[in-house]
Amino acid sequence: LLIATAGVVLFFAAGISAQVKQTENTLKLDPGRSGAAAKITEMAWLAGTWRGPGLGGVAEEIWSEPWGGGMMGSFRMLKGDEPVFYEFITLSESNGSIVMRVKHFSPELVAWEEKDKTVDFQFIKRDGKRYYFDGLTFEVNSADKLKIYLAIGQKDGTAREEVFDYKRIKSGGAQ
C-alpha cells in the first residue's frame, strides 16, 4: 500500500511540475510536456481590436473570429507616430490543444525569423480570468479590458516581463 501511495504522489507531483512560474504573471511549460486540452472557440472573446500601452509605445492587436479551427491576428507597435514593428499571429488547434504562432516584421516588412520559423506559445491552462500560454498570459479583466503579460528572454537566461494594457476599440475610428 505504501508503494502504491508513493506512486500516486509521484504521478501527481509530475503533473504539477508540468509548468513552472517564469515571471510574476507567466508560466513556462516543461520540455516534452503538452498543455491542457482546449478548442479555439474558447478564445472567441479575443476577436476584435485591442489597443493600449506596452513596450514603451502604443500597441494594437486585431483578431478575427474563430473559423476552421483557428484565428488570425495582426499586431503593430508605434512609438510616437512611427511604426516600430509588426506581427502576423495565428491561434490554431493542434494535438487537442491550442498553439499561438507569431512572425515578426520590421516596418519595411522584412521578417525577423527565418522564412519557415515562428515564435510559438503553447497553451498551458485556463485559471479563472487568465489564459496561460508558454511565456504569455492573457488576463481578461472585462469584456473591454485585457492585460497581456509577455516573458521576454534575456541574454543571461532569465526573463523579464512586459505588460500590454489593452482596451477594446470600437469599429470605425481611432480612440
Side-chain angles (χ1 to χ4, degrees), residues 15-55 58-77 85-105 109 111-153 159 161-172 175:
I16 291 169
S17 69
Q19 74 265 333
V20 295
K21 194 173 192 176
Q22 185 172 23
T23 65
E24 185 64 30
N25 295 288
T26 65
L27 299 176
K28 181 169 183 53
L29 195 59
D30 286 344
R33 296 292 191 149
S34 57
K39 295 280 188 188
I40 197 66
T41 52
E42 296 173 51
M43 298 298 293
W45 58 267
L46 185 58
T49 302
W50 300 88
R51 190 178 300 149
L55 291 172
V58 177
E60 178 182 69
E61 292 190 26
I62 303 169
W63 284 94
S64 71
E65 297 284 336
W67 186 30
M71 295 173 70
M72 64 180 179
S74 61
F75 171 96
R76 64 178 167 172
M77 176 77 209
F85 69 97
Y86 299 99
E87 295 174 351
F88 181 74
I89 316 163
T90 61
L91 278 168
S92 304
E93 291 179 5
S94 177
N95 299 319
S97 190
I98 301 171
V99 65
M100 177 187 293
R101 291 184 178 93
V102 179
K103 190 89 163 181
H104 298 86
F105 298 89
L109 293 182
W112 293 4
E113 293 84 16
E114 294 295 321
K115 102 174 152 174
D116 60 344
K117 303 290 183 200
T118 56
V119 177
D120 297 351
F121 300 89
Q122 176 64 49
F123 179 73
I124 296 176
K125 68 178 182 175
R126 179 179 179 194
D127 186 7
K129 63 182 182 176
R130 287 187 167 194
Y131 295 77
Y132 290 95
F133 287 76
D134 188 1
L136 183 143
T137 304
F138 290 97
E139 181 181 86
V140 184
N141 293 311
S142 73
D144 294 326
K145 291 189 179 181
L146 168 67
K147 281 194 178 183
I148 296 177
Y149 302 96
L150 175 64
I152 299 177
E161 184 174 282
E162 285 291 335
V163 180
F164 297 85
D165 195 6
Y166 287 151
K167 291 182 183 171
R168 189 181 297 273
I169 303 299
K170 307 297 181 206
S171 298
Q175 293 183 356

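What you see is a predicted model; the values in this text were computed from it and never measured.
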F121/I89 under side-chain contact (heavy atoms from CB on, under 4.5 Å): CA gap, chis, key distance, verdict = CA-CA 11 Å; F121 300 89; I89 316 163; over 6 Å; no
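- The side chain to side chain donor-acceptor pair (under 3.5 Å) test with N25 is passed by exactly one of E161, K147, E139: E161.
- Annotation for A47 and M71: closest pair N-CE, 3.9 Å, computed over non-hydrogen atoms.
- Qualifying salt bridge (charged side-chain N to carboxylate O under 4.0 Å, His left out) partners for K115, counting only residues two or more places apart in sequence or in other chains: none.
- When only modelled atom types and interatomic distance are considered, S97 and Q122 share a side-chain donor-acceptor pair under 3.5 Å.
- Inter-residue side-chain proximity for T49 and E61 is flagged as unmet; no heavy-atom pair is nearer than 4.5 Å.
- In terms of modelled atom types and a separation under 3.5 Å, the side chain of E93 and the main chain of I40 share a donor-acceptor contact.
- Side-chain atoms of R168 do not come within 3.5 Å of backbone N or O of K170 as any donor-acceptor pair.
- Side-chain atoms of Y149 and R130, non-hydrogen and from C-beta on, do get closer than 4.5 Å to each other.
- L55 is listed as a side-chain neighbour of F164, based on a closest heavy-atom distance under 4.5 Å.
- With hydrogens and angles disregarded, a donor-acceptor distance shorter than 3.5 Å links the side chain of S64 to the backbone of M72.
- Taking the six-membered ring where tryptophan is involved, the planes of F85 and W112 are tilted, since the angle between them lies from 30° to 60°.
- When the side chain to side chain donor-acceptor pair (under 3.5 Å) test is applied to E42, no partner is found at least two apart in sequence or on another chain.
- Aromatic ring pairs are classed by plane angle as parallel below 30°, tilted from 30° to 60° and perpendicular above 60°; the pair Y166 and W50 is tilted.
- At a threshold of 4.5 Å between non-hydrogen side-chain atoms, the residues M43 and F138 count as touching.
- Residues that satisfy the side chain to side chain donor-acceptor pair (under 3.5 Å) test with T137, not counting sequence neighbours, are absent from this structure.
- Summarising the geometry of F75 relative to A59, their closest heavy-atom pair is CE1-CB, 3.6 Å, with the distance given to 0.1 Å.
- Looking at E113 and K103, no side-chain N of the basic residue comes within less than 4.0 Å of a carboxylate O on the acidic one, giving no salt bridge.
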